[in-house]
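Values reported hereafter were calculated over all heavy atoms of this structure, with side chains retained and with hydrogens, waters and symmetry mates removed. So that the names make sense, note that chain A is the first sequence line, chain B the second, and so on, each numbered from 1.
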Amino acid sequence: MRTIAESIYNRGMRVNTLMNNTEIAELLRAVAAAYELHNADKNKFKIIAYERAADAVEHASSELKDLWDEGKLEDVPGIGKSIAAHLAELFSTGKSKHFEQVMQGLPKQMFDLMIVPGIGVKTAYKLVNKFKSTFKKGEAIKVLEYLAKKGEISKLEGFGEESELDILRSIKEVKGRTVRHLLPYANEIADRVIEWMKKNKNVINIDPLGSLRRKASTVGDVDISVGTAKPKDVIDHFVNFPTKQRILEKGNHTASLILPGNIQVDLMVQNTESYGSLLQHFTGSKHHNIALREYARSLNPSLSLSEYGIKVIKGKRQEMKEFSDEKSFYNFLGMEWIPPELREDGGEIEAAMLHKVPNLIEISDVRGDLQIHSDFDIETSHDLGLSSMNDIVDKANQLGYQYIAFTEHNPSHSRHSENQIIDILKRKRETVDKVNRSLSSRKSLRKVYNSLEIDILPDGNLPVPDKGLETLDFALVSIHTSFRLDKKIMTTRVLSALANPKVKIFAHPTARKINGRESIELDWVKIFDYCKNNNKWLEVNADPMRLDLPDFLVREAVKNKVKITFGTDAHHIDHMTNMRYAVFVARRGWAEKKDSINTRGLSDFEKLLK
DNA sequence: GCCGTTTTCGGCCCGACTGTTTTCAGTCG
């Protein structure tokens, strides 16, 4: 695996001009770390600036290299004249004199040590410097583990036996650390902890917070808040959670546990009078809170926001305003309540000040599911669904849908002649017609569509002959092979597939798999433009491993007036309830009911299909 | 080094917890 030090210092055969945003962010953080070591006081705000720039790069929706090509580096908030110039030098010549100068003399191994929880800039620097020659011999974390086991760390000034043990424990956790958890998995852990906490009668309010409450696609730590009159009692109960592996920390207001699978659960406790402030504070995001505090200070320099409430300084007197709910907290600052999904410092504070927070789409707005795979044997080379069309119809009625689409993968191209493909599709048409005739007028489902999820071949063609396409009501297209084509070629590939008149939906458009496969490279400006002008739609796929389009592209799509559709990609009726995850993504992308296609009733949807 | 609904100068978010200390530094969220 690539280490951080490698990505900052020697990128092997690659040149710096190919650095991606993650690597640039790591580099900017390393520069901040360097300033932290030299004259931290003097460079206090420079450090903050570099860290902010790193955050901004990490969250940027385009590659910085591309922005540089277009002369738009300084459009990224947090990147000003100076950093932009250094980055420009980096992109054009392969290095930045300034960054190199600032980082001169820093042992590169320290950056790898900083992955270990509890080890920050200063500790890492101190350790590598004390044991210079040993660190040169091997991988930084392994060396540290070896030194700690030998008892060398505790001998150092400022360290002790406890911190040495801590280092060993943390290294063990880094090694066992899995990637970030998928939202449904984190939800399940939270539910179990909440169930345990409710056994304690002093727990008055309880909620999952952090990225879990903001419905981010992946969750790091599971955060939970409790409102109570007896914080000590609640914390004691929490650290007795039956399957805990160890107690990470335990204080008067917070405690953290490690559960099996190396999942960290943090608990925050507050009295019920201030519970609203606690909710607000620990829902985050960090960037939202920072921006909110800065905004509060700009209103009135004597305002200070924290998990306890809003501190107002009047002369020599300090008053703490308490908020039992979030709405009154935001209202106090002269703004509307902001849905958690929007709290990423992406313009939501400005919108709330103007009382223009979007009326976000709700799960109850969805009228149909536009990607479902039945067990109709379509002789596909991909995965066939497991549930029958009739069972899917029953489930759709249960969910109150008016319409659904059967979207099995196309019959395999290599194993069939064109005529065989046409025959299979005709048979499916007849089967779907039969299902339509069998629908009960006493239930919600009015229509099932005969659709198909068709591979986009590398050259942009579709592996289904026109006569086969004629049997369909409409088609989805998606990419399942050749993921690594050049951006231009990939864009042409997708656009030529979308050009087919039967094709309405571009399904799971980035083809990413969370924790598994990177997104394909596409020229989104061109894709959005084409979709808007030709009545083509982009899917938000509800599969928790996909969640594709991702939230930031939903936001761009919506801004560009491109319509989105929701599909669960269900291969079993149980997957049909995943729809909520697609809606979460859309909400995080600022989408309203009007931005989606399958929030329309059946007759409106029919018109849009024409 | 960045940024602007009082500003192109003068500001820059807030607090908890731990370990090694004896009043605090470092780290984290």
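Remark: A:R52 is not in phosphate contact with B:dG1, judged by side-chain N or O atoms under 4.0 Å from OP1 or OP2. An OP1 or OP2 oxygen of B:dG4 is reached within less than 4.0 angstrom by no side-chain nitrogen or oxygen of A:S298. Contact annotation: A:S306 side-chain N/O to B:dC14 OP1/OP2 distance is not under 4.0 Å. A close approach under 4.0 Å does not occur between any side-chain nitrogen or oxygen of A:S163 and OP1 or OP2 of B:dG19. Using a 4.0 Å cut-off, no side-chain N or O of A:T123 falls inside it from OP1 or OP2 of B:dG26.
Residue A:S256 is classed as having no contact, given no heavy-atom separation below 4.0 Å to the nucleic acid. Backbone-only engagement by A:I79 is indicated by non-hydrogen atom pairs under 4.0 Å involving sugar-phosphate atoms exclusively. If you check every strand for non-hydrogen atoms under 4.0 Å, A:K311 touches sugar and phosphate atoms only. Nucleic acid contact for A:K81: sugar-phosphate only, since backbone atoms but no base atoms lie under 4.0 Å from a heavy atom of the residue. In this structure, A:L292 reaches neither bases nor backbone, as no heavy-atom distance under 4.0 Å exists between it and the strands shown. If you check every strand for non-hydrogen atoms under 4.0 Å, A:Y308 touches sugar and phosphate atoms only. The residue A:N43 sits apart from the nucleic acid: no heavy atom pair falls under 4.0 Å. Residue contacts for A:I290: at a heavy-atom cut-off of 4.0 Å it reaches a base atom on one of the strands shown. Within 4.0 Å of A:N252, counting heavy atoms only, lie sugar-phosphate atoms of the nucleic acid but no base atom. Residue A:E161 is classed as a sugar-phosphate contact, given heavy-atom separations below 4.0 Å to backbone atoms only.
Spacing between atom CD1 of A:I47 and atom P of B:dT27 amounts to 12 Å, rounded to whole angstrom units. Atom OH in A:Y35 sits about 8 Å away from atom C1' in B:dG1, given to the nearest Å. Protein atom CD of A:Q264 is 18 Å distant from nucleotide atom P of B:dA16, rounded to whole Å. Regarding A:D266, its CG atom lies at a distance of 14 Å from the C1' atom of B:dT27, rounded to whole Å. Here the P atom of nucleotide B:dC28 and the CD atom of A:E36 are 11 Å apart, to the nearest Å. One atom, NZ of A:K286, and another, P of B:dG29, lie 9 Å apart when rounded to the nearest Å. Taking atom CG on A:N300 and atom C1' on B:dT6, their separation rounds to 13 Å, with Å as the unit. A:L212 places its CG atom 16 Å from the C1' atom of B:dG29, with the value rounded to the nearest Å.
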What side-chain donor-acceptor pairs closer than 3.5 Å can you find for residues 125-139 of chain A, not counting sequence neighbours?
from	atom 1	to	atom 2	distance (Å)
A:Y125	OH	A:N129	ND2	3.2
A:K126	NZ	A:E157	O	3.4

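A gap of 28 Å separates the C1' atoms of B:dC14 and B:dT8, to the nearest Å. As rounded to the nearest Å, B:dC17 and B:dG10 have C1' atoms that lie 34 Å from one another. Taking the P atom of each, B:dT20 and B:dA16 are spaced 22 Å apart, rounded to whole Å. For the C1' atoms, the distance from B:dC12 to B:dT18 is 28 Å, rounded to whole Å. When the P atom is used for both B:dA25 and B:dT21, the distance is 14 Å, rounded to whole Å. Separation of the C1' atoms belonging to B:dG29 and B:dT23 is 24 Å when rounded to the nearest angstrom. On the C1' atoms, B:dC28 is 24 Å away from B:dT22, given to the nearest whole Å. Comparing the P positions of B:dT6 and B:dG11 gives an interatomic distance of 16 Å, to the nearest angstrom.
If you find the closest nucleotide of DNA chain B to A:D223 and to A:A53, the one lying nearer the 5' end belongs to A:A53.
Classified by interplanar angle (parallel below 30°, tilted 30° to 60°, perpendicular above 60°), the ring pair A:H181/A:Y185 is tilted. Using cut-offs of 30° and 60° on the angle between ring planes, the pair A:F241 and A:W196 is perpendicular.
Between A:S274 and A:Y308, the closest heavy-atom pair is OG-O, 3.5 Å.
Annotation: A:E195, atom CD; neighbour count of heavy atoms from other residues, nucleotides and ligands within 6.0 Å does not exceed 12. Atom CD of A:E319 has more than 12 heavy atoms from other residues, nucleotides or ligands within 6.0 Å. For A:E74, the CD atom sits in a packed shell: over 12 heavy atoms of surrounding residues, nucleotides or ligands are nearer than 6.0 Å.
Candidate nucleotides B:dG1, B:dG26, B:dC17 were compared by shortest atom distance to the side chain of A:S82, and B:dG1 ranks first. You'll find that the side chain of A:R297 is closest to B:dC12, out of B:dC17, B:dG29, B:dC12.
Stacking of the aromatic ring of A:F45 onto the base of B:dC2 is not found under the criterion of centres within 5.5 Å and planes under 30°.
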List the steps, then state whether side-chain hydrogen bond (donor to acceptor under 3.5 Å, both in side chains) holds for A:R343 with A:S285. CA-CA 6 Å; A:R343 301 184 197 169; A:S285 67; over 6 Å; no
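Across every strand in view, B:dC14 sits in a pair with B:dG29 that passes the Watson-Crick or G-U test at under 3.5 angstrom.
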